[in-house]
Amino acid sequence: MESEGTSVLLDHIHQPEDLKRLTVEQLEQVAEETRQFLVEKLSVTGGHLAPNLGVVELTIAMHYLFDSPKDKFIFDVGHQSYVHKILTGRKDKFDTLRKYKGLCGFVKRSESEHDVWEAGHSSTSLSAAMGMAVARDLKGETNRIIAMIGDGALTGGMALEALNHIGHEKRKLMVILNDNEMSIAPNVGALSHYLARIRSDRHYVKAKEEFEHLIKKIPAIGGTLAKTAERVKDSFKYLVVPGVWFEELGLTYLGPVDGHNLPLLLDTMKQADKVNGPVLVHVITTKGKGYSPAEADSHKWHGISPYKIESGQVLKTVGPPMYTEVFGSTLIELAKQDERIVAITPAMPGGSGLLGFAKEFPDRMFDVGIAEQHAATFSAGLAEEGLKPVFAVYSTFLQRAYDQVVHDICRANLNVVFAIDRAGFVGPDGETHQGVYDIAYLRSIPNMVLMMPKDENELRHMMKTAFEYNEGPIAYRYPRENGLGVPIDETLQPIPIGTWEVLRPGSDAAILAVGPMIPLALEAAEAMSKEGVQVRVINARFIKPMDEAMLLQLAKEDIPILTLEEGAALGGFGSGVLEHYSQHNVYGLRIKIIGVPDYFVEHGSVKEQRKEVGFTAERLVSELQALVPRRRQRA
Ligand SMILES: Cc1ncc(C[n+]2csc(CCOP(=O)(O)OP(=O)(O)O)c2C)c(N)n1
Ligand SMILES: CC(=O)[C@@H](O)[C@H](O)COP(=O)(O)O
Ligand SMILES: [Mg+2]
């Protein structure tokens with residue numbers, strides 16, 4: 001891929017209509033120029049390069065044949081919608097991709113009328129498509145509904161629930177299965193193996209054609225022989241029709257078709273468009289197509305940081321290890337001591353830092369696919385039988401398994417350990433991925449213990465604490481960022497459950513800070529000390545249960561309290577402090593909750609997101625000045 005390409009045709013594509021005037025050869029040139037554009041732009045911005053390189057021809061074909069936005073294009077997850085954005089007038093905004101107030105990395109209604117379904121979480125496209133198909137029919141409209149779903153997303157339970165409904169109602173809609181054999185990591189599961197079989201045995205299609213040709217040769221026959229021939233043909237389907245599983249669900253299966261062969265793709269999708277009912281087009285693509293580093297390692301290039309085009313070398317940020325890395329290495333340390341420890345990931349082995357664990361303990365590592373609900377109750381089953389499951393999951397994706405956490409794990413009080421990564425703001429992935437709700441949605445469940453460390457060293461001790469805790473479910477949450485670079489204790493000590501830690505003494509006010517908010521609290525306390533106000537800073541490392549003794553002491557001292565968490569203020573840790581005092585009939589305290597306000601915080605850097613919601617020392621100082629009575633503020 002030369003680094004300075006000239007986009008001759010792509011520069012003239014401002015809306016999908018501009019595609020429709022082109023010849024197929026010109027469309028192929030647009031595809032080439034689009035790949036060039038993606039590689040160049042994302043070398044600066046970073047983003048989901050490999051998924052988008054894989055759907056260049058597919059997205060061009062969709063916009064060439066069909067009429068968005070009248071026809072509804074629904075992208076599952078939406079991380080592969082960059083080509084769609086390029087073709088719908090947003091090419092010039094790609095320098096702002098995933099930047100603060102810039103182009104969103106997922107489908108976004110506010111950006112374009114062509115963006116009709118927002119996602120970020122996987123496996124929602126088919127349910128949305130079905131909803132839009134029913135609405136269309138009830139309104140007497142005739143537009144097309146076209147969902148693009150990947151082979152990974154297809155393993156998500158919602159997708160299978162939707163297929164069941166789609167096949168039942170038999171309404172006209174098109175499912176384009178973008179099969180590149182990859183989730184983020186190589187795809188897993190029986191469904192993935194089934195698709196692999198279809199991909200590999202191309203003779204299915206040839207044999208089917210020969211058989212049908214043979215049947216046609218038999219002279220026109222009537223009666224039982226005709227019925228027999230039909231039954232033979234139908235049963236032959238089980239042998240040769242590759243997509244029989246989909247056909248049995250009630251969808252017409254077309255494919256598999258090469259997703260980079262535009263003429264073939266166009267023909268197949270024209271055929272699919274004629275089907276008067278649900279149709280699934282099985283498209284085989286290469287994740288990372290056209291850029292050799294991404295083709296060679298599409299796991300790494302699924303979501304990539306800025307890189308050098310020529311070498312594919314990623315521009316690494318230096319610094320202390322990420323919390324995720326510390327989690328992964330410490331889990332190996334613990335697992336070496338106890339074979340009861342098993343790790344579970346819903347399709348995020350790399351992102352969750354478990355690749356090392358998988359290598360060390362292949363029999364104790366379970367990637368269940370994009371299936372958080374199954375992962376949770378699978379963990380419950382493991383715990384039921386005396387193992388020590390560590391369910392590694394991003395905060396935002398744990399939302400998908402809330403009932404299983406309540407119903408199967410906490411109610412049953414099973415010893416499941418939750419390793420909740422990406423807790424707090426996550427930066428470029430934005431509002432669909434912010435890990436800011438798990439404090440609120442977990443702390444209200446009986447039997448749940450929820451911790452957050454002040455640094456990577458304390459994370460290790462929390463992991464030991466969780467491992468040795470056998471009173472039921474326990475969770476530690478940690479952010480998508482580097483640790484603080486603190487010294488690492490070799491010996492792991494469990495922390496007494498429900499105990500906080502005073503980090504800075506003070507008698508005029510107290511800040512109860514959670515996790516990555518602690519440095520900010522210390523900075524504000526330092527600033528206040530210059531005004532003669534001594535602010536105590538407490539590491540509120542147990543969100544549940546709270547340190548009741550310390551809360552009682554604070555009440556006795558009757559000093560103002562400020563709670564600080566990178567989580568939804570509504571129902572979060574600070575709410576818990578208020579609830580505690582209410583339950584203990586303590587009245588009249590001055591308490592200020594600082595958390596994430598009640599709206600979805602969009603993409604940008606974590607620093608920009610924190611600034612936007614007022615997580616700044618200046619803001620904390622002004623809140624403390626308002627809380628601490630004048631008499632305590634010495635002149
Ligand atoms: C509920 C949920 N779990 C996990 C993820 C993380 N995730 C994003 S994309 C992806 C893989 C999707 O694979 P596939 O659908 O095959 O798309 P591809 O990237 O291969 O084009 C995963 C696991 C998510 N977005 N949503
Ligand atoms: C699209 C998606 O959900 C994942 O690719 C996610 O963006 C990964 O997030 P991290 O980059 O934090 O692992
Ligand atoms: Mg895939």
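Keep in mind it's a predicted model, so treat the numbers as computed, not measured. Counting convention: from 1, in listed order, for ligands and their atoms alike.
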key: Closest approach to the Mg ion (ligand 3) by Asp151, given as the N, O or S atom name   = OD1
[atom]: nearest protein contact (heavy atom, Å):
atom: atom 12 (C) of ligand 1; answer: Ile370 CD1, 3.9 Å
atom: atom 6 (C) of ligand 2; answer: Asp429 OD2, 3.3 Å
atom: atom 21 (O) of ligand 1; answer: Asn180 ND2, 3.4 Å
atom: atom 10 (P) of ligand 2; answer: Arg422 NH2, 3.5 Å
atom: atom 26 (N) of ligand 1; answer: Ser122 N, 2.9 Å
atom: atom 13 (O) of ligand 2; answer: Tyr394 OH, 2.6 Å
atom: atom 10 (C) of ligand 1; answer: Ile184 CG1, 3.5 Å
atom: atom 14 (P) of ligand 1; answer: Gly152 N, 3.5 Å
atom: atom 5 (C) of ligand 1; answer: Phe397 CZ, 3.4 Å
atom: atom 3 (O) of ligand 2; answer: His433 NE2, 2.7 Å
atom: atom 3 (N) of ligand 1; answer: Glu372 OE2, 2.7 Å

request  = Heavy-atom contacts with Phe106 under 4.0 Å: which atoms of ligand 2 show up? List them by number with element.
outcome  = 1 (C)
task = Check ligand 2 against Arg480 and write out every atom of the ligand that is under 4.0 Å from a heavy-atom position of the residue.
result =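 In order of numbering, the contacting atoms are 10 (P), 11 (O), 12 (O).
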query = the Mg ion (ligand 3) to Ser183: any N/O/S contact under 2.8 Å?
reply =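 Short answer: no, not a single N, O or S atom is under the cut-off.
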ask   = Near the Mg ion (ligand 3), is there an N/O/S atom from Asn178 that is less than 2.8 Å away?
value = no
State if [X] counts as touching ligand 1 under the rule of any non-hydrogen atom under 4.0 Å.
X: Gly120; result: yes
X: Gln80; result: no
X: Met348; result: yes
X: Ser183; result: yes

Sub-3.5 Å N/O-N/O distance, His79 and ligand 2 = no
Below 30° counts as parallel, above 60° as perpendicular, anything between as tilted: where do the rings of [X] and [Y] land?
X: Phe75; Y: Phe73; value: perpendicular
X: His48; Y: His302; value: perpendicular
X: His63; Y: His84; value: parallel
X: Tyr437; Y: Phe600; value: perpendicular
X: Tyr194; Y: Phe246; value: tilted

Between [X] and [Y]: side-chain donor-acceptor atoms closer than 3.5 Å:
X: Thr285; Y: His260; answer: no
X: His282; Y: Tyr253; answer: yes
X: Ser43; Y: Glu40; answer: no
X: His433; Y: Thr396; answer: no
X: Glu612; Y: Tyr100; answer: yes
X: Arg460; Y: Thr330; answer: yes

Do any nitrogen or oxygen atoms of [X] lie less than 3.5 angstrom from nitrogen or oxygen atoms of ligand 1?
X: Met182; value: yes
X: His433; value: no
X: His121; value: no
X: Ala153; value: yes

inquiry  = Around atom NZ of Lys91, are there more than 12 heavy atoms from other residues, nucleotides or ligands closer than 6.0 Å?
reply    = yes
Atom indices of ligand 1, in the order listed, that fall short of 4.0 Å to a heavy atom of [X]:
X: His302; answer: 9 (S), 19 (O)
X: Gly150; answer: 14 (P), 15 (O), 16 (O)
X: Asn178; answer: 21 (O)
X: His79; answer: 9 (S), 17 (O), 18 (P), 19 (O), 21 (O)

query = What distance separates His79 NE2 from Ile184 CD1, expressed to the nearest 0.5 Å?
reply =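 Those atoms lie 7.5 Å apart.
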inquiry  = So for His48, does at least one of its heavy atoms come nearer than 4.0 angstrom to any atom of ligand 2?
reply    = yes
query = Evaluating non-hydrogen atoms only, which member of Gln373, Lys287, Arg400 is closest to atom 19 (O) of ligand 1?
reply =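 Ranked by closest heavy atom to atom 19 (O) of ligand 1, first place is Lys287.
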inquiry  = Applying the side-chain contact (heavy atoms from CB on, under 4.5 Å) criterion to Phe327, which one of Leu354, Asp421, Ile332 satisfies it?
reply    =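 The option that passes is Leu354.
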